[in-house]
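Since the structure is predicted, the reported quantities are computational estimates derived from the model, not experimental observations. All values below were derived from every heavy atom in this structure, side-chain atoms included, with hydrogens, water molecules and symmetry-related copies excluded. Residue numbers begin at 1 in each chain, while the letters A, B, ... track the order of the sequences.
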Protein chains: 2
Amino acid sequence: MSSPTLADVASLADVSENTVSRVIRDKGYIAPATRKRVNEAIRKLGYVPNRAAGSLASSSSAIIGVILPSMSNIVFPEVLRGIHAGLAGTHYQPMIGVTDYDLKKEESLISSLLAWKPAAIITTGCEHTAAARRMLKNSTVRVGELMDIDHRPIDLAVGLSHLEAGRSAARHLIGRGYAKIGYVGHDWNADKRAHARYLGLVEGLRQAGLVLSEENRTNGPSSTLAGKAALAELLSRAKTIDAVVFSNDDMAVGGYMHCMAAEIAVPETLALFGFNGLEIGQTLPKPLSTILSNRFAIGKTAVELLLANSERNKKPQIVDTGFSILEGSTA
Amino acid sequence: MSSPTLADVASLADVSENTVSRVIRDKGYIAPATRKRVNEAIRKLGYVPNRAAGSLASSSSAIIGVILPSMSNIVFPEVLRGIHAGLAGTHYQPMIGVTDYDLKKEESLISSLLAWKPAAIITTGCEHTAAARRMLKNSTVRVGELMDIDHRPIDLAVGLSHLEAGRSAARHLIGRGYAKIGYVGHDWNADKRAHARYLGLVEGLRQAGLVLSEENRTNGPSSTLAGKAALAELLSRAKTIDAVVFSNDDMAVGGYMHCMAAEIAVPETLALFGFNGLEIGQTLPKPLSTILSNRFAIGKTAVELLLANSERNKKPQIVDTGFSILEGSTA
DNA sequence: TCGAATTATCTCAGCGCTAACATTTTTCCC
DNA sequence: GGGAAAAATGTTAGCGCTGAGATAATTCGA
């Protein structure tokens, strides 16, 4: 009843175990006739190699450890989609962990993923506990840190400069003649990159001699509902602003919904600006003005670079997948 | 340089390897003093157990194989989120594969996931290749088939009856006085459950002596953009319908966007009805009337039931997570 | 036609852990 | 205070595979 092993295949094909192993891994010299015989035996027995055994013997595995902060924010499933796309056609399997934005949880996930001797570990951002950083540094697996390139990575960083994205938002709005600019955001503890964009925005405004007119930050994670409520609240305090930058598109779409409900003309009375370039923002009656962060490309690029080389870069490598302003019609 | 092993811990703590192993797995009798000594040694060495070795020795692993048809449809990341929620606090790790709605790919994913001797395999729907079904049946791992309960599962099915959901949509619209009902959908090959809902809808209408007035199906996957275009096309052909059922919320939100752009009064001129109960539908100026499918609960429930028992059910078990009509304001 | 390459295959010792069972130590009750 | 049960730890034999190196078979040029 227990599944067939290499030995079963070997004896059926009348070769040594090692030969079967070599056929499977397509390694070394194999006579065509032997290969055929082995493959037939494999098929006949329905043999499936035991990865644990292989992994133990070779002290390496075809696992890619992936650590994401959240599954609730659509951005991360999209990164994951990119990772999958990069993995397609290879025999690597992603093993996923979710931290809920908790660095301690990240640390323990790193430890348990490392226990599988993965080929690479992909995680998010530059912030890790000291222990986590040490584990990653001491191991020899490749390490990708995604989303953010405003720091020196352990091995490879792929993403964009959120600071620069914030500055770009400022420049865009200033260029369009907006001067009384507000900000609606969500919790920065959970999302340092949103904070970086905020800092970039403020800096961009300052360079033009402006300051943020008003801001409103919610406690929870970003969501359309939160954005809707937060904009309403902001406007109740500051009726004279002419543009609002949101921490991301979820919040911005919520803001747009508020404007529709409250019959505020967008962008004539109030301009709206997001971040991410989510599909939903582009489906609004007036497509959202926002910054396209290429989540899919980030995931895909990271995987491709990590798999291209099994050794770590001697110098940490930083890859900027960039961003682009989606003009839209709301700002 | 190579990482410490059980043996290193054992000699440092001056106990046998087996004792260390028992401390780690919290199994059998351990004197408190010994446990403390071992844990200190583990900490001092930064020991991380090699899962591959453990898995090989015990011929089982703490891996949960998860096979999803797609990452692009928000529904599946949400199921995955539920799975993660169910896994939180356990030491199980999900290993993810994506089929792109290709049953052959599912088959090969099942095979490679099985190679890790996972504790369970979670996949979607009831459709599998003969070989895939055989592999799952022959293995002893627990198997969860998600989303759909209109079939006899291998071991456990968790989801809802899409047929019944379709019927409910029909009853809801009929109850509201709509009689000329159209349908806008996406590709059924990729999404059998959408087809089941369609069949339920048609059946529900027939029971009231009605038929579908008009329908329009796109080729690709569902999306807001596709829904927007498809409704426009449908209305260009059939101007007299008073309600449209969409294959899901993505499509329905797109339809709503079309109505806004074309200034069609919803629901006065045209009622809209979706499926899934996505957040975005509920954020529209008029919340979308739809059916709430509990994706998160499906994932979470499945994991909990699978982990509750390491043996398969003698009788396949079917768990109906149900659905509920979100009244909304669009139908 | 023979030796050196080249090609094809085999042998065997682990990889690091766990299961099963054996053994020793401690507890505890009559 | 002696013996059985309970508690604590040790011993041993793999799990199924791969890597390194040895060996055998084949090719090929001079």
List every contact pair, protein side and nucleotides 13-17 of chain D side both N or O, where the distance is under 3.5 Å.
{"residue": "dC15(D)", "atom": "O2", "partner": "Ala57(B)", "partner atom": "N", "Å": "3.4"}
{"residue": "dG16(D)", "atom": "N2", "partner": "Ala53(A)", "partner atom": "O", "Å": "3.4"}
{"residue": "dC17(D)", "atom": "OP1", "partner": "Tyr47(A)", "partner atom": "OH", "Å": "2.2"}
{"residue": "dC17(D)", "atom": "OP1", "partner": "Asn50(A)", "partner atom": "N", "Å": "3.2"}
{"residue": "dC17(D)", "atom": "OP2", "partner": "Leu6(A)", "partner atom": "N", "Å": "2.3"}

Check the interface with nucleotides 20-25 of chain D: list each N/O to N/O pair with the protein under 3.5 Å, or write none.
{"residue": "dA20(D)", "atom": "N6", "partner": "Asn18(A)", "partner atom": "ND2", "Å": "3.1"}

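Side chain of Asp155(B) to backbone of Asn313(B): a donor-acceptor contact under 3.5 angstrom is found. Side-chain N or O atoms of Arg51(A) include none that pairs as donor or acceptor with a backbone N or O of Pro49(A) at under 3.5 Å. Checking side-chain atoms of Thr321(B) against main-chain N and O of Gly159(B) turns up a donor-acceptor pair under 3.5 Å. A donor-acceptor pair under 3.5 Å is absent between the side-chain atoms of His151(B) and the main chain of Ala157(B), judged by distance alone.
A salt bridge is defined here as a Lys NZ or Arg NE, NH1 or NH2 lying under 4.0 Å from an Asp or Glu carboxylate O, and Lys44(B) with Glu40(B) fails to meet this definition.
A side chain to side chain contact (heavy atoms under 4.5 Å, CB included) with Leu146(A) is found for exactly one of Leu68(A), Ile122(A), Thr123(A), namely Ile122(A).
For Arg133(A), there are no side chain to side chain donor-acceptor pair (under 3.5 Å) partners at least two apart in sequence or on another chain. Partners of Thr301(A) by side chain to side chain donor-acceptor pair (under 3.5 Å), not counting sequence neighbours: none found.
Using a 4.5 Å heavy-atom cutoff, the side chains of Cys126(B) and Arg193(B) are not in contact. Side-chain contact between Val66(A) and Leu113(A) is absent, with no heavy atoms from C-beta onward closer than 4.5 Å.
Proximity of residues 27-40 of chain B to DNA chain D (heavy atom under 4.0 angstrom from any strand atom) is restricted to Tyr29(B), Ile30(B), Ala31(B), Thr34(B).
Comparing the end axes of the helix from dT1(C)-dA30(D) to dC30(C)-dG1(D), each fitted to five base pairs by superposing C1' atoms of four pairs onto the next four, gives an inter-axis angle of 30° (nearest 10 degrees).
At dC10(C), one or more side-chain N or O atoms of Thr19(A) fall inside 4.0 Å of OP1 or OP2 (strictly under the cut-off). Residue Ser16(A) has no polar side-chain atom (N or O) positioned under 4.0 Å from OP1 or OP2 of dT11(C).
We find that CG of Asp26(A) is positioned 16 Å from C1' of dT18(D), with the value rounded to whole Å.
Once rounded to the nearest 0.5 Å, the distance linking CZ of Phe76(B) with CD1 of Ile83(B) reads 10.5 Å.
A donor-acceptor contact under 3.5 angstrom links the side chains of Ser3(A) and Lys117(B), judged on distance only.
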Could you check Asn18(B) against Arg22(B) for side chain to side chain donor-acceptor pair (under 3.5 Å), going step by step and ending with a plain yes or no?
CA-CA 6 Å; Asn18(B) 191 288; Arg22(B) 277 183 348 252; 2.4 Å; yes
